[in-house]
Amino acid sequence: MSWLPPADPGASGGILIVVEPSSKDLGGFRVRRALPSVQRRMVGPFVFLDHMGPVIWQPGQGLDVRPHPHIGLATLTYLTEGSIFHRDSLGTEQAILPGEVNWMTAGRGIAHSERTEAGLRAEGHALEGIQSWLALPRAHEETEPGFAHHATADLPSVADRGVSLRLVVGSLYGQTSPVATFSETFYADATMAAGASLPLPPDHPERAAYVLDGAIEIAGERFEAHRLLVFRPGDAITLTALADTRVLLLGGEPMDGPRHLWWNFVSSSQDRIDAAKADWQAGRFGTVAGDDEFIPLPP
Ligand code: MN
């Protein structure tokens with residue numbers, strides 16, 4: 001049964017901010033960073049949003065993010081193509097495939113690495129994914145670190161009127177994802193056929209859409225791929241696909257105050273970030289079993 005809301009012809013709500021991500025070419029591997037940006041620091045709990053790829057790795061190539069630390073956030077890894085192998089200082093070893101969720105709670109501290117598995121590296125493969133960080137509310141910043149993997153089949157999904165939508169995290173359209181979170185949030189992956197429309201009601205105070213591929217129209221304006229569109233709070237929004245389009249919808253309740261971001265650390269307190277720097281330099285985050293390298297603290 002469909003749980004998408006009916007089309008809302010009266011929805012004329014619009015865009016507050018259009019973020020054009022900064023784009024870095026890491027040797028043929030493009031990463032677009034939509035958050036944080038000059039125009040916007042956070043959308044709900046989302047403080048960081050990186051779109052990796054798409055890239056086609058040749059045989060022998062792959063992703064190598066060596067062990068590095070995090071505090072004060074949860075990482076959300078979601079792929080549309082390929083696979084990444086995660087290891088962390090809790091002893092977790094987990095591959096992620098498209099449509100699955102890796103949710104890593106850093107809390108008071110965790111270290112992890114993200115790499116291409118040996119077999120896949122030997123073959124060569126395509127990779128595209130989105131990594132976001134959600135700041136933890138102040139009451140949970142020092143929570144125990146944890147890691148959760150969720151299979152695609154466990155996530156609510158629906159197909160209706162040219163829209164296939166998967167609710168990855170949080171609550172939307174009356175559904176709730178099984179991924180445990182620390183604040184009111186939502187993160188959905190919508191594939192829209194050209195001409196299809198999708199209403200986005202103002203249930204969450206802060207909302208944005210990141211267009212992965214294709215183009216959409218909102219309130220008569222056209223937006224190409226690779227833009228983060230931040231919506232005006234309280235407005236009823238309707239997204240209409242102008243081509244076959246894939247779009248992420250995300251947001252949630254506003255955070256309980258600003259966050260400091262430095263390297264891989266997020267905190268409401270600058271002193272806590274300074275302590276985390278010292279902890280990483282002193283090797284106090286623990287080791288990542290099966291991965292002997294590490295990324296040194298940047299200067
Ligand atoms: Mn990381």
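Worth saying up front: this structure is predicted, and the values here are computed from it rather than measured.
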Got a second to check how far [X]'s [atom1] is from [Y]'s [atom2], nearest 0.5 Å?
| X | Y | atom1 | atom2 | value |
| --- | --- | --- | --- | --- |
| R108 | E142 | CZ | CD | 8.5 Å |
| I130 | D50 | CD1 | CG | 10.0 Å |
| Q281 | L297 | CD | CG | 4.5 Å |
| I17 | R232 | CD1 | CZ | 10.0 Å |

Would you say [X]'s side chain and [Y]'s backbone share a donor-acceptor pair under 3.5 angstrom?
| X | Y | result |
| --- | --- | --- |
| S177 | V179 | yes |
| D88 | G91 | yes |
| S113 | P67 | no |
| Q39 | V18 | yes |
| S267 | H260 | no |
| S89 | G286 | no |
| T181 | G170 | no |

Please name the pair of heavy atoms, one in [X] and one in [Y], separated by the smallest distance, quoted to 0.1 Å.
| X | Y | result |
| --- | --- | --- |
| A219 | G13 | CB-O, 3.6 Å |
| Y173 | P199 | OH-O, 2.6 Å |
| S132 | Y187 | OG-CE1, 3.9 Å |
| P98 | T152 | O-OG1, 3.7 Å |
| P145 | A106 | CB-O, 3.6 Å |
| N264 | H70 | O-ND1, 2.9 Å |

Indicate yes or no: at least one non-hydrogen side-chain atom of [X] is less than 4.5 angstrom from one of [Y].
| X | Y | result |
| --- | --- | --- |
| E117 | S83 | yes |
| D235 | P202 | no |
| R207 | L249 | no |
| L35 | L228 | yes |
| H51 | E128 | yes |
| V158 | V163 | no |
| F85 | L120 | no |
| V211 | T245 | yes |

Test side chain to side chain contact (heavy atoms under 4.5 Å, CB included) applied to E100 and Y78, step by step: CA-CA 6 Å; E100 300 177 342; Y78 186 73; over 6 Å; no

Neighbour count above 12 (heavy atom, 6.0 Å) for [X] [atom1]:
| X | atom1 | answer |
| --- | --- | --- |
| E93 | CD | yes |
| F182 | CZ | yes |
| I56 | CD1 | no |

Whether F265 and F285 hold their rings parallel, tilted or perpendicular, with breakpoints at 30° and 60°: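 Parallel: the ring planes of F265 and F285 meet at under 30°.
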
When you check the side-chain N and O atoms of [X] and [Y], is any donor under 3.5 Å from an acceptor?
| X | Y | value |
| --- | --- | --- |
| Q131 | E114 | yes |
| T240 | S197 | yes |
| E141 | S268 | yes |
| T176 | S171 | yes |
| N102 | T77 | no |

Can we say [X] and [Y] salt-bridge, meaning some charged N sits less than 4.0 Å from an Asp/Glu carboxylate O?
| X | Y | answer |
| --- | --- | --- |
| D213 | R246 | no |
| R222 | E224 | yes |
| D291 | R115 | yes |
| R66 | D292 | no |
| E206 | R40 | yes |

Verdict with reasoning, V43 to V230, per side chain to side chain contact (heavy atoms under 4.5 Å, CB included): CA-CA 8 Å; V43 179; V230 182; 4.2 Å; yes

Worked check of ring-ring contact (aromatic ring centres under 6.0 Å, His included) between H149 and W103: CA-CA 6 Å; H149 176 82; W103 176 275; over 10 Å; no

Qualifying residue for side-chain contact (heavy atoms from CB on, under 4.5 Å) with D189, from L165, L248, L167, L155: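 Of the listed residues L165, L248, L167, L155, the side-chain contact (heavy atoms from CB on, under 4.5 Å) partner of D189 is L248.
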
ring-ring contact (aromatic ring centres under 6.0 Å, His included) between F147 and H86, worked out: CA-CA 10 Å; F147 181 87; H86 162 99; 4.2 Å; yes

Shared hydrophobic cluster, V65 / F48 (ILVMFWY, side-chain heavy atoms < 4.5 Å):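 No; F48 is not reachable from V65 via cluster members.
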
Within one Ile-Leu-Val-Met-Phe-Trp-Tyr cluster: I216 and L172, side-chain cutoff 4.5 Å: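 Shared cluster, yes.
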
Step-by-step side chain to side chain contact (heavy atoms under 4.5 Å, CB included) determination, I218 to I237: CA-CA 7 Å; I218 296 166; I237 301 289; 4.1 Å; yes

Geometric cation-pi criterion, K277 with W262: 6.0 Å, 45°: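 Here K277 passes the 6.0 Å and 45° test against W262.
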
Check against side chain to side chain donor-acceptor pair (under 3.5 Å), S23 and R30: CA-CA 7 Å; S23 182; R30 185 159 297 281; 2.5 Å; yes

Criterion side chain to side chain contact (heavy atoms under 4.5 Å, CB included) on I84 and L79, from CA distance to verdict: CA-CA 9 Å; I84 295 176; L79 303 185; 3.8 Å; yes

